[in-house]
Amino acid sequence: MTTSRRILACGVAAAALAGAGQAMAQTAQAGAPDAVSLDEIVVTAQRRSERLQDVPVTVTAFGAEEVRQARIREIDDVATRTPGLNFDAFPASQPRIAIRGIGSSDRGAAGDPSSAVFLDEIYLGRPAAVAFDAFDVSRIEVLKGPQGTLYGRNVVGGAINVVTNRPDFDGVDAAGEATAGNYERYEAAGYVNAPFADGKAAFRASGSWRTHDGYVKNTFTGGRVEDQDTRSGRLQLAVQPKDSLRLLVTVDGTRDRGAGPGQHVLDLDDTDPLSMFWTVDRDRKHTAGSTDGYQNRDTWGVRGQMDWDLSFATLTYLGAYRDLDYHVAYDFDGGNPSTNFIDISGGNDEDSHFSSHEVRLSALPDSRIQWVAGFYKYDSKTLRDDILALDIGGQGAEIYAQDAKLDSYAVFGDVTVPVGDKLSLIGGLRYSKDKKDYRVSNTEGDSVFRADDVFDVSVSGTYDAVTYRAGANYHPAENQLYYVMVSKGFKSGGFQDTPSSAEDAAQGFEPEYATQYEVGQKSTFLNGALTWNNTLYVMKYSDLQTKRTDGLNIITDNAGKATIKGYETYLSWRPFAHARLVASYGYTDARFDEFVPEPGVDYAGNRISRTPKHKVVLSPSYDLSLGERGELRFAVDYRYESHIYDDNSNTGPEQRPATNFVDGRIVYSAPSDKLALSLWGKNLSNEVTRTYQAVFLGANFGAYNPPRTFGVTLSVKM
């Protein structure tokens with residue numbers, strides 16, 4: 001079937017779904033006279049404030065109340081609740097994010113993520129820089145599919161945008177919360193907001209501290225691993241000298257300290273004679289590593305924004321500088337000299353700093369034609385050491401020293417033009433250009449075993465592309481939206497982080513491209529009590545950058561072509577005043593069309609790694625009124641993900657069975673809304689699954705998810 005016929009079929013299916021939904025709603029309306037409206041969320045998916053239901057983009061959004069009550073704290077909390085979004089972290093301080101099957105395992109200094117994270121519109125360009133606490137946030141938006149026209153660089157799979165609360169000019173405000181739980185969990189967070197200068201300026205300070213003991217006992221060292229000690233802070237100053245001019249300066253920082261992951265020998269690779277040296281150990285609660293390791297991260301940034309309303313548009317300047325100091329070391333095999341003939345350990349040391357500048361003009365909110373045009377500049381400098389130590393009869397450590405410099409810029413424009421009262425046409429264009437200078441050497445260690453020889457190579461590369469989006473909105477009624485959209489994304493090329501030779505170091509890999517064809521429908525029924533959204537999409541992916549293992553080396557290849565087909569649905573319903581059901585489902589069929597990683601090996605038809613076909617999220621809740629004594633909320637979150645492959649070969653032990661997770665909470669809210677007490681639990685069924693795994697040297701090594709956790713949180717608002 002051709003692409004155009006697929007899109008036509010998608011459009012017919014979406015229209016049928018919408019029609020069925022409207023008929024269902026009309027039938028139910030007479031039987032639900034007491035239904036109450038759902039809360040509306042305003043998002044900035046198109047770089048302007050709009051109701052979520054009016055945006056022609058598939059967006060999963062979490063408002064401030066949901067973030068607080070559901071204990072959404074980090075990116076993995078967002079991923080577990082979002083169909084089409086998957087999260088993998090090894091170690092936890094270097095997350096790998098994939099949206100609709102598009103992600104990147106490349107953490108090297110000259111590589112880039114395929115799905116991006118933004119903090120208040122600022123691109124977090126390094127995996128370890130994705131460190132923040134989702135406290136005192138306004139919302140979290142997950143934008144799915146290529147977003148490279150309006151957002152920053154390399155947004156091929158999608159974008160996660162975390163939007164913090166801004167200083168409030170209306171009055172003094174403060175709140176705080178404290179948590180205690182199992183594994184000696186202790187947390188505290190709070191904020192204070194204070195206007196001054198006769199209401200023309202305001203200051204807001206937010207901070208949090210989160211700590212818990214390790215989930216895994218190290219029987220060799222006597223210590224514990226997989227613990228947490230995270231401290232985050234944010235200071236904001238907003239000034240509005242006149243109605244048409246708004247200034248905002250933000251300084252934020254996060255400090256992480258913790259031991260390494262709890263590693264295990266999960267399976268043996270019977271095809272490798274080295275498998276005889278390993279013993280399978282799947283004890284979730286214990287490990288026996290020769291060291292506890294460490295994960296230490298310090299990252300901070302400063303951000304400045306100016307919005308100036310002119311007679312015809314708003315002029316915005318957005319600038320930022322961010323710094324990352326990151327050090328991680330871990331025992332990879334989960335054993336020690338008394339248990340393993342081979343001892344494997346490793347880690348990374350990274351020092352990165354990056355800055356960005358954006359200048360844009362955008363239409364005023366009441367303009368009939370909505371448009372934005374701008375210029376974007378991004379620069380980064382990364383020094384990174386990749387360390388692997390093997391102890392096989394006294395062999396030592398090999399170190400790849402990487403030094404990467406990136407200069408990137410882009411110009412962009414996007415416009416939405418009404419054609420009559422119900423139809424709007426959308427078009428956007430972006431030109432991006434990256435220049436990378438890279439030096440890699442393996443001369444610093446005392447051993448060489450991943451490479452064929454010792455080398456020191458310097459190389460440069462330039463990559464550019466034109467990306468776009470084009471589509472249409474159709475509003476047959478106020479609360480009905482249909483849209484079609486074609487969008488193209490681009491991710492820059494790069495160079496190997498651990499090349500096996502000087503020739504491999506110089507060659508690098510090419511950019512990747514994705515073009516998505518999407519048709520969607522967003523509808524609200526029953527006077528706002530029922531929301532039902534549907535999306536169908538086909539994504540054509542070329543030259544996708546994939547990782548493969550060759551002996552001890554991890555190599556990035558351009559895999560040729562892939563097709564990703566999917567369907568997502570979202571339902572939010574208040575059947576009566578005190579009940580709510582949120583249900584979402586994502587189907588993702590992500591397969592290679594062409595991929596020959598080496599002569600004689602063909603992965604065509606294989607599923608793309610770390611991408612479940614099915615993902616379901618169900619969140620029912622019920623509010624029990626206590627009259628003058630307040631209210632009790634009972635809420636459950638259930639998540640299901642189907643089987644995945646952790647390797648593109650789709651063979652061997654690197655697989656994860658389907659998973660089922662259940663979280664729950666009981667929240668008491670006082671009548672004044674000034675005090676709340678929450679009894680919560682995560683992974684209540686104590687599900688055990690693999691979060692990371694990789695085969696080499698005769699075994700499949702990996703780590704497990706957190707066990708059952710529970711606690712109580714007291715929140716107070718002044």
Side-chain angles (χ1 to χ4, degrees), residues 88-96 105-109 111 126-128 216 218 220-221 223 225-226 256 258-266 269 274 277-278 281 287-297 325-337 339-351 382-402 440-451 496-500 547-556 646 654 691-703:
D88 178 7
F90 179 77
S93 47
Q94 292 189 93
R96 300 189 298 181
S105 301
D106 186 0
R107 302 188 184 100
R126 296 294 303 158
V216 179
N218 189 328
F220 182 71
T221 66
V225 297
E226 297 185 10
D256 274 334
Q263 286 289 102
H264 303 270
V265 177
L266 300 175
D269 180 6
L274 291 176
F277 295 118
W278 303 106
D281 171 24
T287 187
S290 55
T291 175
D292 290 339
Y294 54 82
Q295 298 183 71
N296 299 335
R297 172 172 54 183
D325 186 19
Y326 175 68
H327 305 276
V328 58
Y330 47 84
D331 182 283
F332 193 81
D333 55 76
N336 58 78
T339 61
N340 294 344
F341 176 76
I342 307 173
D343 187 29
I344 312 173
S345 59
N348 304 112
D349 293 318
E350 180 172 327
D351 179 16
T382 297
L383 299 174
R384 179 181 171 92
D385 288 344
D386 186 285
I387 305 162
L388 180 64
L390 288 181
D391 187 353
I392 310 176
Q395 198 165 6
E398 183 180 43
I399 301 174
Y400 280 89
Q402 307 165 20
V440 59
S441 68
N442 62 347
T443 61
E444 295 183 9
D446 56 15
S447 298
V448 174
F449 41 80
R450 286 182 284 182
Q496 307 290 345
D497 54 339
T498 58
S500 59
K547 283 277 192 176
R548 63 180 175 89
T549 302
D550 183 7
L552 291 173
N553 260 26
I554 299 176
I555 300 169
T556 299
D646 277 297
E654 294 170 274
T691 57
Y692 167 83
Q693 49 190 332
V695 170
F696 63 100
L697 292 180
N700 182 31
F701 306 97

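The first residue of the sequence shown is numbered 1, and numbering continues consecutively from there.
Looking only at side-chain heavy atoms (C-beta outward), P499 and V440 come within less than 4.5 Å of each other. Proximity of D256 to Q295: side-chain heavy atoms (C-beta onward) are nowhere separated by under 4.5 Å.
The aromatic rings of F696 and F332 sit tilted relative to each other, their planes meeting at an angle between 30° and 60°.
A donor-acceptor pair is defined here as one N or O able to donate and one able to accept, closer than 3.5 Å; no such pair exists between the side chain of W278 and the backbone of F341. Of the possible polar contacts, one joining the N700 side chain to the A694 backbone as a donor-acceptor pair under 3.5 Å is found. Between the side chain of N336 and the backbone N or O of G289 there is no donor-acceptor pair closer than 3.5 Å. Of the possible donor and acceptor atoms, one in the side chain of Q402 sits under 3.5 Å from a partner among the backbone N and O of A109.
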Check against side-chain contact (heavy atoms from CB on, under 4.5 Å), T291 and T221: CA-CA 7 Å; T291 175; T221 66; 5.5 Å; no
Evaluation steps, side-chain contact (heavy atoms from CB on, under 4.5 Å), between D385 and Y400: CA-CA 6 Å; D385 288 344; Y400 280 89; over 6 Å; no
Criterion side-chain contact (heavy atoms from CB on, under 4.5 Å) on R297 and D325, from CA distance to verdict: CA-CA 6 Å; R297 172 172 54 183; D325 186 19; over 6 Å; no
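For T287 against V225, the heavy-atom pair with the smallest separation is CG2-CG2, 4.2 Å. Residue I387 comes nearest to A397 through the heavy atom pair CG2-CB, 4.4 Å, listed as atom of the first residue, atom of the second, then distance. Of all the heavy atoms in S290 and P337, the pair that sits closest is CB-CD, 4.3 Å. Contact detail for A401 and E444: the closest heavy-atom pair is CB-OE2, 3.4 Å.
Atoms CG and CG, on D333 and D343 in that order, are 5.0 Å from each other to the nearest 0.5 Å. Taking CD from E398 and CG from L388, the interatomic distance works out to 7.0 Å, rounded to the nearest 0.5 Å. Annotation: the span from I399 atom CD1 to N348 atom CG amounts to 11.5 Å, rounded to 0.5 Å. D292 CG to F220 CZ: the interatomic distance, rounded to the nearest 0.5 Å, is 10.5 Å.
Between R126 and D351 there is no salt bridge, since no side-chain nitrogen of the basic residue lies less than 4.0 Å from a carboxylate oxygen of the acidic one.
S345 and D331 are not linked by any side-chain donor-acceptor pair at a separation below 3.5 angstrom, with hydrogens and angles left out of the test. D349 and H327 share a side-chain donor-acceptor pair at under 3.5 Å.
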